[in-house]
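Input: a single structure, listed below in structure tokens.
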Amino acid sequence: QVQLVESGGGSVQAGGSLRLSCTFSGYTYDGNYMAWFRQTSGTEREWLASIEPVGDSTYYADSVKGRFTISLDSAKNTLILQMNSLEPEDTAMYYCAATRKTWPGFVPWAEMDFAYWGQGTQVTVSS
């Protein structure tokens, strides 16, 4: 059984940083992708970043490129999102996600591409 558990959310002032973690179990990331999404009330989930852990390839949405960094601590089975230069517009519930399978040349970024999800962690950025 695959489980993803996010942590590290909280409240921070604009310009500050937060480090989100997603500890996973029962999941084999070899051949798969993991990602971070966020969602605000009344909106669809927004893709932020994906990582192909074995090849260490990373992909970012324009809205977070240069401010957020996705990485994987394989020793701890933990997906990380380092968030710097936070803005009030970054306020949202943040989710980690993982694919069930992928194929060569396919980079997942749509919500429907991911089969496994965590429960979310809230990030609030005040001005």
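Sequential numbering from 1 along the given sequence is applied to the chain's residues. Remember, predicted model here, so these are calculated numbers, not experimental data.
- When R45, Q39, R38 are each tested for a side chain to side chain donor-acceptor pair (under 3.5 Å) with Y94, only one passes: R38.
- Hydrophobic clustering (side-chain heavy atoms under 4.5 Å, transitive across Ile, Leu, Val, Met, Phe, Trp, Tyr) groups I51 together with L81.
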Test log, rule side-chain contact (heavy atoms from CB on, under 4.5 Å), inputs T124 and V12: CA-CA 6 Å; T124 302; V12 64; over 6 Å; no
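- In this structure, a donor-acceptor pair under 3.5 Å is absent between the side chains of E89 and S63.
- Closest of all the heavy-atom pairs between L86 and L18 is CD1-N, 3.8 Å.
- More than 12 heavy-atom neighbours from other residues, nucleotides or ligands sit within 6.0 angstrom of CH2 on W117.
- Pairing each heavy atom of E6 with each of G120, the nearest pair is OE1-N, 2.8 Å.
- To the nearest 0.5 angstrom, N84 atom CG is 6.5 Å from T69 atom OG1.
- Using a 30° and 60° split on the angle between ring planes, Y27 and F24 fall in the perpendicular class, above 60°.
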Verdict with reasoning, D113 to Y33, per side-chain contact (heavy atoms from CB on, under 4.5 Å): CA-CA 10 Å; D113 295 334; Y33 282 76; over 6 Å; no
Audit row: Y29, L79, side-chain contact (heavy atoms from CB on, under 4.5 Å) steps and yes/no: CA-CA 11 Å; Y29 56 74; L79 181 70; over 6 Å; no
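- Summarising the geometry of L4 relative to C22, their closest heavy-atom pair is CB-SG, 3.9 Å, with the distance given to 0.1 Å.
- When all heavy atoms of Q82 and S17 are compared, the closest pair comes out as NE2-CB, 4.0 Å.
- Hydrophobic clustering (ILVMFWY, side-chain heavy atoms < 4.5 Å, transitive): M93 and F68 are in distinct clusters.
- Y95 and L20 sit in two unconnected hydrophobic clusters of ILVMFWY residues. Membership requires side-chain heavy atoms under 4.5 Å apart, directly or through other members.
- With contacts defined as side-chain heavy-atom distances shorter than 4.5 Å, the pair M83/V123 qualifies.
- Using a 4.5 Å heavy-atom threshold, the side chains of W47 and E111 count as separate.
- One hydrophobic cluster, built from ILVMFWY side chains closer than 4.5 Å, holds both M34 and V2.
- No donor-acceptor pair closer than 3.5 Å links the side chain of S50 to the backbone N or O of Y59.
- A pairwise comparison of heavy atoms in Y60 and K65 identifies O-CE, 3.7 Å as the closest pair.
- Using a 4.5 Å cut-off on side-chain heavy atoms (C-beta onward), K76 and T23 make no contact.
- Hydrophobic clustering (side-chain heavy atoms under 4.5 Å, transitive across Ile, Leu, Val, Met, Phe, Trp, Tyr) keeps F114 apart from F106.
- How far CD of Q13 is from OG of S127: 9.0 Å, rounded to the nearest 0.5 Å.
- Side-chain N or O atoms of E52 include one that pairs as donor or acceptor with a backbone N or O of V54 at under 3.5 Å.
- Among all heavy-atom pairs drawn from T91 and T40, the shortest one is O-CG2, 3.2 Å.
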